[in-house]
Amino acid sequence: MTSRVLTEAGQKLADYWKEIRTGNEVPSRAAFKLTSKTAPLMPHMVIAELADGDVVFRYAGTGLVERQGMNITGKRYGDFAEPLQVARAAARIKAFHATPCGFASVHREGYQRGFAAEVEVVGFPLRADNGEGRLIVMVVTPLGTVPYTETGGRPIFMAPATHFEFIDVGQGLPDGDAIVQWAEGAVMTEGRRGDR
């Protein structure tokens, strides 16, 4: 598994995910347990689920809550990101499950209380315990601060990624260009419906 994972937390998540994986299957949510290996990651961990074309945050660690100034548990990515970002995230989660792999990205988060942080996000897919849902577990680690920019009144503004790459776990990689093209088409189609 080779990628440009920048943080120790991101690498630890990658190592643990590989450890709980059986064969070529995506691990179940139940297999992802609180252990001495995952406990240090929990404050910066997010577990999210693909639902109705958006990404719903099912768990957000205390470190994220403190940095972001709010608890995003139960909220949707669409509450903080532009429609194209949401469509890309949804398409990528489907791809992580169809062709099991992880990802590493870097983006800026702007916070209403007056600062921003550049963060690395490293994530891997998990199956819902009932076998029907598509989940993703992520570690979000600050890389440093960047100049504050206006968030448009939103508590958090999640800027588009400045870096994104799939992490190969031995089963190949999805077609990133096809995912982006599909997401752009979905957003344009939805926009046309909204104009009516």
Side-chain angles (χ1 to χ4, degrees), residues 1-64 72-74 76-77 81 85-107 119-141 143 161 163-183 186:
M1 179 164 55
T2 60
S3 72
R4 196 187 77 172
V5 174
L6 302 173
T7 62
E8 183 180 354
Q11 191 56 60
K12 285 183 176 179
L13 176 63
D15 292 343
Y16 181 74
W17 186 86
K18 285 193 303 182
E19 186 179 305
I20 64 170
R21 191 173 185 220
T22 305
N24 290 332
E25 293 291 314
V26 169
S28 69
R29 172 66 182 88
F32 195 94
K33 300 184 183 305
L34 181 60
T35 69
S36 60
K37 294 178 181 177
T38 58
L41 306 178
M42 295 302 286
H44 303 288
M45 193 174 289
V46 176
I47 296 175
E49 182 175 14
L50 183 62
D52 300 324
D54 205 337
V55 181
V56 180
F57 300 109
R58 300 298 186 198
Y59 169 83
T62 55
L64 269 80
I72 62 172
T73 301
R76 295 175 173 269
Y77 187 45
Q85 290 170 258
V86 175
R88 283 181 181 172
R92 285 171 175 158
I93 290 174
K94 290 177 185 175
F96 301 146
H97 282 264
T99 304
C101 64
F103 79 94
S105 68
V106 174
H107 73 267
V119 296
E120 177 186 64
V121 183
V122 175
F124 292 89
L126 295 174
R127 287 181 291 116
D129 294 333
N130 64 9
E132 295 178 14
R134 294 183 186 112
L135 300 164
I136 187 155
V137 59
M138 300 171 280
V139 153
V140 182
T141 310
L143 296 174
H163 171 78
F164 180 92
E165 69 177 277
F166 293 110
I167 298 173
D168 191 341
V169 297
Q171 289 181 258
L173 297 175
D175 183 339
D177 292 337
I179 289 170
V180 169
Q181 288 172 359
W182 179 89

Q. Can you say whether the rings of Phe166 and Phe96 are parallel (under 30°), tilted (30 to 60°) or perpendicular (over 60°)?
A. perpendicular
Q. Which heavy atom of Ala60 sits nearest a heavy atom of Ile72, and at what distance?
A. CB-CG1, 3.6 Å
Q: Test side-chain contact (heavy atoms from CB on, under 4.5 Å) on Lys94 and Arg134 and set out the steps.
A: CA-CA 7 Å; Lys94 290 177 185 175; Arg134 294 183 186 112; 3.7 Å; yes
(Q) Counting only heavy atoms not in Asp52 (residues, nucleotides, ligands), do more than 12 fall under 6.0 Å from its CG? (A) no
Q: Specify the closest pair of heavy atoms between Gly53 and Val86, including all atoms of both residues, with the distance to one decimal.
A: O-CG1, 3.7 Å
**Q.** Those residues that, when tested against Arg29, pass salt bridge (charged side-chain N to carboxylate O under 4.0 Å, His left out) (two or more places apart)
**A.** none
(Q) With side-chain contact (heavy atoms from CB on, under 4.5 Å) as the criterion, how do Val122 and Gln11 come out once you've worked through the C-alpha distance, each side chain's angles and the decisive distance to 0.1 Å? (A) CA-CA 8 Å; Val122 175; Gln11 191 56 60; over 6 Å; no
Q. Who pairs with Tyr59 by ring-ring contact (aromatic ring centres under 6.0 Å, His included), at least two apart in sequence or on another chain?
A. none
Q. If you round to the nearest 0.5 Å, how far is NZ of Lys18 from CD1 of Ile167?
A. 10.0 Å
**Q.** cation_pi(Arg92, Phe164) dist<6.0 Å, angle<=45
**A.** yes
Q: For the residue pair Met45 and Val137, establish whether any side-chain heavy-atom pair is separated by less than 4.5 Å.
A: yes
Q. Would a 4.5 Å heavy-atom cut-off, applied to side chains only, mark Ile93 and Glu49 as touching?
A. no
Q. Side-chain contact, heavy-atom cut-off 4.5 Å: Val121 with Phe103?
A. yes
Q. Distance from Met42 atom CE to Leu64 atom CG, nearest 0.5 Å?
A. 11.5 Å
Q. Does Leu143 offer a backbone N or O that forms a donor-acceptor pair with the side chain of Thr7 under 3.5 Å?
A. no
Q) CG of Asn24 to OG1 of Thr99: how many Å apart, nearest 0.5 Å? A) 11.5 Å
Q) Is the count of non-hydrogen atoms from other residues, nucleotides or ligands lying under 6.0 Å from Glu8 atom CD greater than 12? A) no
Q) Between atom CG of Leu135 and atom CZ of Arg58, what is the distance when rounded to the nearest 0.5 Å? A) 8.0 Å
Q) Could you state the interatomic distance from NE2 (His97) to CG (Leu50), rounded to the nearest 0.5 Å? A) 8.0 Å
Q. Which pair of heavy atoms, one from Ala89 and one from Val55, lies closest together, and at what distance?
A. CB-CG2, 4.1 Å
Q. Any idea which heavy atoms bring Trp17 and Pro125 closest together, and the distance?
A. NE1-O, 2.8 Å
Q) Which atom names give the shortest non-hydrogen contact between Val169 and Cys101, and what distance separates them? A) CG2-CA, 4.0 Å
(Q) I need the full list of ring pair (Phe, Tyr, Trp, His ring centres under 6.0 Å) pairs touching residues 20-58, with sequence neighbours left out, sorted by first then second residue. (A) Tyr16-Phe32
(Q) Testing the basics here: between Ala9 and Val139, what is the closest heavy-atom pair and its distance to 0.1 Å? (A) CB-CG1, 3.6 Å
Q) What is the distance from atom CG of Leu126 to atom CE of Met138, rounded to the nearest 0.5 Å? A) 10.0 Å
